[in-house]
A.B. asks: 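Dropping the structure in here first, questions after.
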Amino acid sequence: MAKFPLETIRHSAAHVLAQAVLHFFPTAQLGIGPAIENGFYYDFDLETSLTDEDLNKIEQKMEEIIKENQQFTSYSTDKETANSFLKEKNQTYKLDLIDSLDGDSFTFFENGPFVDLCKGPHVEQTREIGAIKLLRVSGAYWRGSEKNPMLQRIYGTAFSNRKDLKSYLKRMEEAKKRDHRLLGKTLDLFSITEEVGGGLVLWHPKGALIRHLIESYWKTEHLNNDYDFVLSPHVGKADLWEKSGHLSFYEENMFSAIDVDDQKYYVKPMNCPFHILVYKNKPKSYRELPIRYAELGTVYRYERSGVLHGLLRVRGFTQDDAHIICTEEQMKEEIKSVTLFTINMLKAFGFEKIKFYLATRPDEKYVGEIAHWKDSEDALEEAIKSLGLPYEIDHGGGAFYGPKIDVKIEDAIGREWQCSTIQFDFNLPERFDMTYIGQDGEKHRPYMIHRAIFGSLERFFGVLVEHYEGNFPVWLAPTQVSILTVNEKVSHYAKKLASDLKQKGVRVDLDTSSEKIGYKIRKASAEKIPYMFIVGDKEVESNTISVRRHQKGDLGVMTVDQAFLSVLDESKTM
RNA sequence: GCCGGCGUAGCUCAGUUGGCAGAGCAACUGACUUGUAAUCAGUAGGUCAUUGGUUCGAUUCCGAUCGCCGGCUCCA
């Protein structure tokens, strides 16, 4: 049992880092140095760029400081003393920091020759920091704003002992192997090439097949849950985007206009305006509500080049979009059922741990009436509560146009991803003057809920690849069974098996090449094919199959029926 | 977009005082007829990201551009 929480250890390590940096670069200006989720960082303003060698040197110096077992002590001063002390040290960023802090008492922590403005807490002696490792250096704006100068941020991690550090670094290595960009290449699922453009995905046959399976499942489930499909074009006139407000609030994220017959058209960054126009095409009665329009709508958004990241952040992607338009009375039930639907859908893909975050009305910029906000926030909260789901409230975290529930899923190695989102929209119904005729014969404004379960198919697919480490469950595997022959004499038997399996709807691959069985197994394993059916003379004679399951190994000899049943059983959704 | 790093064959990577460009895997051809994670031999494959400059000579040194990677900012 460690004496101090990791956070304290890491925060102390950040101080030691700053101390080591000042040792080599005495004129360095210090930014901030907090503990973060998996370690710590410290920002520095330096004249030269740090190299890997610098990092090594700094790390060694840190080790020395830790060994020296310096004592951490603290003292407080008033603002004036703090200011003059920092001025003397020429720490302009720290001065800026003090400037923005209230109160007149400032704590400094001191260890060895190093003093830093800091509210603590810290370990008592540097040796209690345990094991540290510097990971990388990168740029970071002072106070996170592009308008400020860019500092150099050194990231590191610290643990109370060497063993924990080692196992953390090992886990990082393991996580790297799951990287969907790497697996996308080795499993031949997709590519992104500069010849097309950054953030634009080419889906290869295997990836496209998996996506097809995801989409068909999605479509079936939506029909079962009383959604109506709509389809909308990829571009629309400027006036439409003017009316929706996208051109005033979202233009920097949109691709530039296209000129057609002297009219400006824009590629869609969202599907909502189209769905609203479907709704508005005819007057609606309260009897028709709720209306649920769903579309796998491909949108394009301009993203700054530096933020693109594999499938997780792209410029062209397909949202599994839906808009639920309902009356006030229907709102609660709709939220509840869409939440339940979302959970069931995510579970089908192996995501069992799901967290909900309710984001409420921002304090300042928002549209719509407070009463409506309150009602919808209540509806959201009640839905999560009534389903007995754990959730957190993000006060003021909603969009300007409505409150929302963000759903985060935890993958196989405990990382959280946000895909699903359920949001109210008070803005667009107003802008488009959406109405329905109520029982009283009067026009009423409906509630609109915008939701996506996968978020984007690209991102969801990327998360899925990492979650499964490319070992897709049988129902999603592009090839479900690979039939491997021991020698060429048994090709006929193997072919018969292949065509029988195909008949039953199994995606099967046949390897009758003149390679050794070991080579074929290695190849099928590398492709992460769930089932290997190995057949040789023995199997032909006894009308059996030697079954090998990916990641499990040899399952032994089975009758053909048994083997088929095993595959078919696992091929079912979920 | 900003800071830093990196761009050599389809893939993974060698290639330092600047002197004709290399390996393994994959592909193709042939031989081997194989029993649970790599049989052997051969063939083909590169404007060393692009583009300027320095030099007798540049994959190597310098600059610019493009792209990728790690972050910042932003986000489905």
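The figures here come from the full heavy-atom set of this structure, side chains too, leaving out hydrogens, waters and symmetry mates. Here is the naming used below: chain letters follow the sequence lines, and residue numbers restart at 1 for every chain.
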A.B. asks: Heavy atoms under 4.0 Å, any strand shown: does Gly306(A) hit a base, just sugar-phosphate, or nothing?
C.D. replies: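 It contacts base atoms.
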
A.B. asks: Reckon Arg136(A) touches a base, only the sugar-phosphate, or nothing at all at heavy-atom distances under 4.0 Å?
C.D. replies: sugar-phosphate

A.B. asks: Could you point out which residue of Phe249(A), Phe274(A), Tyr250(A) forms a ring-ring contact (aromatic ring centres under 6.0 Å, His included) with Trp241(A)?
C.D. replies: Phe274(A)

A.B. asks: Pick base, sugar-phosphate or nothing for Gly144(A), based on heavy-atom distances below 4.0 Å to the nucleic acid.
C.D. replies: sugar-phosphate

A.B. asks: Indicate, with a heavy-atom threshold strictly under 4.0 Å, whether Arg181(A) touches base, sugar-phosphate, or nothing.
C.D. replies: sugar-phosphate

A.B. asks: If we take the C1' atom in both rU36(B) and rU29(B), what is their distance in whole Å?
C.D. replies: 29 Å

A.B. asks: Sticking with atom C1', work out how far rG46(B) lies from rA21(B), rounded to a whole angstrom.
C.D. replies: 8 Å

A.B. asks: Taking the same atom, C1', in rU43(B) and in rA9(B), what whole-Å distance lies between them?
C.D. replies: 15 Å

A.B. asks: Look at all strands and tell whether Tyr155(A) reaches a base, only sugar-phosphate, or nothing, counting heavy atoms closer than 4.0 Å.
C.D. replies: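 Sugar-phosphate, backbone atoms only, no base.
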
A.B. asks: Could you measure between the two P atoms, the one in rG5(B) and the one in rG63(B), and give it in whole Å?
C.D. replies: 11 Å

A.B. asks: Just one of Trp218(A), Trp417(A), Phe349(A) clears the ring-ring contact (aromatic ring centres under 6.0 Å, His included) bar with Phe460(A), so which one?
C.D. replies: Phe349(A)

A.B. asks: Counting Watson-Crick and G-U wobble pairs whose two distances are both under 3.5 Å, find the runs of 3 or more in a row that involve RNA chain B.
C.D. replies: B:1-7 with B:66-72, B:10-13 with B:22-25, B:27-31 with B:39-43, B:49-53 with B:61-65

A.B. asks: Are Tyr401(A) and Tyr366(A) an aromatic pair, judged by ring center distance below 6.0 Å?
C.D. replies: no

A.B. asks: At 4.0 Å (heavy atoms only), tell me whether Arg153(A) reaches a base, stays on the sugar-phosphate, or touches nothing.
C.D. replies: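 Sugar-phosphate, no base atom in range.
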
A.B. asks: What are the 5'-most and 3'-most nucleotides of RNA chain B lying under 4.0 Å from any heavy atom of chain A?
C.D. replies: rG1(B) to rA76(B)

A.B. asks: With heavy atoms under 4.0 Å as the rule, sort Ser514(A) into base, sugar-phosphate or nothing.
C.D. replies: base

A.B. asks: When you measure from the centre of the six-membered ring of Phe190(A), is the NZ or CZ of Arg181(A) under 6.0 Å away and within 45° of the axis?
C.D. replies: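 Output no; distance or angle outside limits.
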
A.B. asks: Which part of the nucleic acid, if any, lies within reach of Glu194(A) when heavy atoms closer than 4.0 Å are counted: base, sugar-phosphate only, or nothing?
C.D. replies: sugar-phosphate

A.B. asks: Sticking with atom C1', work out how far rC62(B) lies from rA23(B), rounded to a whole angstrom.
C.D. replies: 31 Å

A.B. asks: Give the minimum heavy-atom separation between Val535(A) and Ala494(A), together with the two atoms involved.
C.D. replies: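 Shortest heavy-atom separation between Val535(A) and Ala494(A) comes out as CG2-CB, 4.0 Å.
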
A.B. asks: Output the residues of residues 315-323 of chain A in contact with RNA chain B, where contact means a heavy atom of the residue under 4.0 Å from an atom of the strand; sort by number or write none.
C.D. replies: Phe317(A)

A.B. asks: Hey, does Glu252(A) reach any base, or is it just sugar-phosphate, or nothing, if we go heavy atoms under 4.0 Å?
C.D. replies: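 Nothing, no heavy atom under 4.0 Å.
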
A.B. asks: Is the positively charged end of Arg153(A) above the ring of Tyr41(A), judged by distance under 6.0 angstrom from the centroid and angle within 45° of the axis?
C.D. replies: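 Ring-cation test returns yes.
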
A.B. asks: Show your reasoning for whether side-chain contact (heavy atoms from CB on, under 4.5 Å) applies to Phe317(A) and Leu457(A).
C.D. replies: CA-CA 7 Å; Phe317(A) 57 98; Leu457(A) 278 145; over 6 Å; no

A.B. asks: For Tyr302(A) and for Lys489(A), find the nucleotide of RNA chain B with the closest heavy atom, then tell me which residue's nucleotide is more 5'.
C.D. replies: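 Per heavy-atom nearest nucleotide, the more 5' residue is Tyr302(A).
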
A.B. asks: Measuring only the C1' atom in each nucleotide, how far is rU12(B) from rG7(B)? A whole number of Å is fine.
C.D. replies: 15 Å

A.B. asks: Check whether Tyr357(A) forms a cation-pi arrangement with Lys408(A) (NZ or CZ under 6.0 Å from the six-membered ring centre, at most 45° off the ring normal).
C.D. replies: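 Verdict for Tyr357(A): a cation-pi partner in Lys408(A).
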
A.B. asks: Across the strands shown, which category fits Lys538(A) at heavy-atom distances under 4.0 angstrom: base, sugar-phosphate, nothing?
C.D. replies: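 Counting heavy atoms under 4.0 Å across all strands, the contact made by Lys538(A) includes a base.
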
A.B. asks: Do the rings of His234(A) and Tyr300(A) sit parallel, tilted or perpendicular, given the 30° and 60° boundaries?
C.D. replies: tilted

A.B. asks: Which part of the nucleic acid, if any, lies within contact of Ile517(A), taking any heavy atom under 4.0 Å across all strands shown: a base, the sugar-phosphate backbone alone, or nothing?
C.D. replies: sugar-phosphate

A.B. asks: On RNA chain B, compare the nucleotides closest to Glu539(A) and Phe454(A); which residue's is nearer the 5' end?
C.D. replies: Glu539(A)

A.B. asks: So what does Gln152(A) hit on the nucleic acid, given a heavy-atom distance under 4.0 Å: a base, only sugar-phosphate, or nothing?
C.D. replies: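 If one applies the 4.0 Å heavy-atom cut-off, Gln152(A) turns out to touch nothing in the nucleic acid.
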
A.B. asks: So what does Gly455(A) touch, heavy atoms closer than 4.0 Å: a base, only the sugar-phosphate, or nothing?
C.D. replies: sugar-phosphate

A.B. asks: Between rA41(B) and rC56(B), how far is it from one P atom to the other, in whole Å?
C.D. replies: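 Pairwise P distance, rA41(B) against rC56(B), rounds to 47 Å.
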
A.B. asks: When all nucleic acid strands are considered with a 4.0 Å heavy-atom cut-off, which category describes Val314(A): base, sugar-phosphate, or nothing?
C.D. replies: base

A.B. asks: Taking the six-membered ring of Phe461(A) as reference, does the NZ or CZ atom of Arg211(A) fall below 6.0 Å from its centre and within a 45° cone about the axis?
C.D. replies: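 Relative to the ring axis of Phe461(A), which defines the angle, Arg211(A) lies outside at least one limit.
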
A.B. asks: Determine which pairs satisfy side-chain hydrogen bond (donor to acceptor under 3.5 Å, both in side chains) with at least one residue from residues 519-529 of chain A, sequence neighbours left out, and list them in order.
C.D. replies: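 Of all non-adjacent pairs touching residues 519-529 of chain A, those that pass side-chain hydrogen bond (donor to acceptor under 3.5 Å, both in side chains) are Thr485(A)-Lys520(A).
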
A.B. asks: Considering only atom C1', compute the distance from rU8(B) to rG22(B) and round it to an integer number of Å.
C.D. replies: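 Taking atom C1' in both rU8(B) and rG22(B), they lie 10 Å apart.
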
A.B. asks: Please list, chain by chain and in numerical order, all residues satisfying salt bridge (Lys or Arg N to Asp or Glu O under 4.0 Å) with Arg292(A), sequence neighbours excluded.
C.D. replies: Glu334(A)

A.B. asks: How would you list, by chain and number, every residue that makes a side-chain contact (heavy atoms from CB on, under 4.5 Å) with Lys133(A), sequence neighbours excluded?
C.D. replies: Glu59(A), Leu135(A), Thr157(A), Leu165(A), Leu169(A)

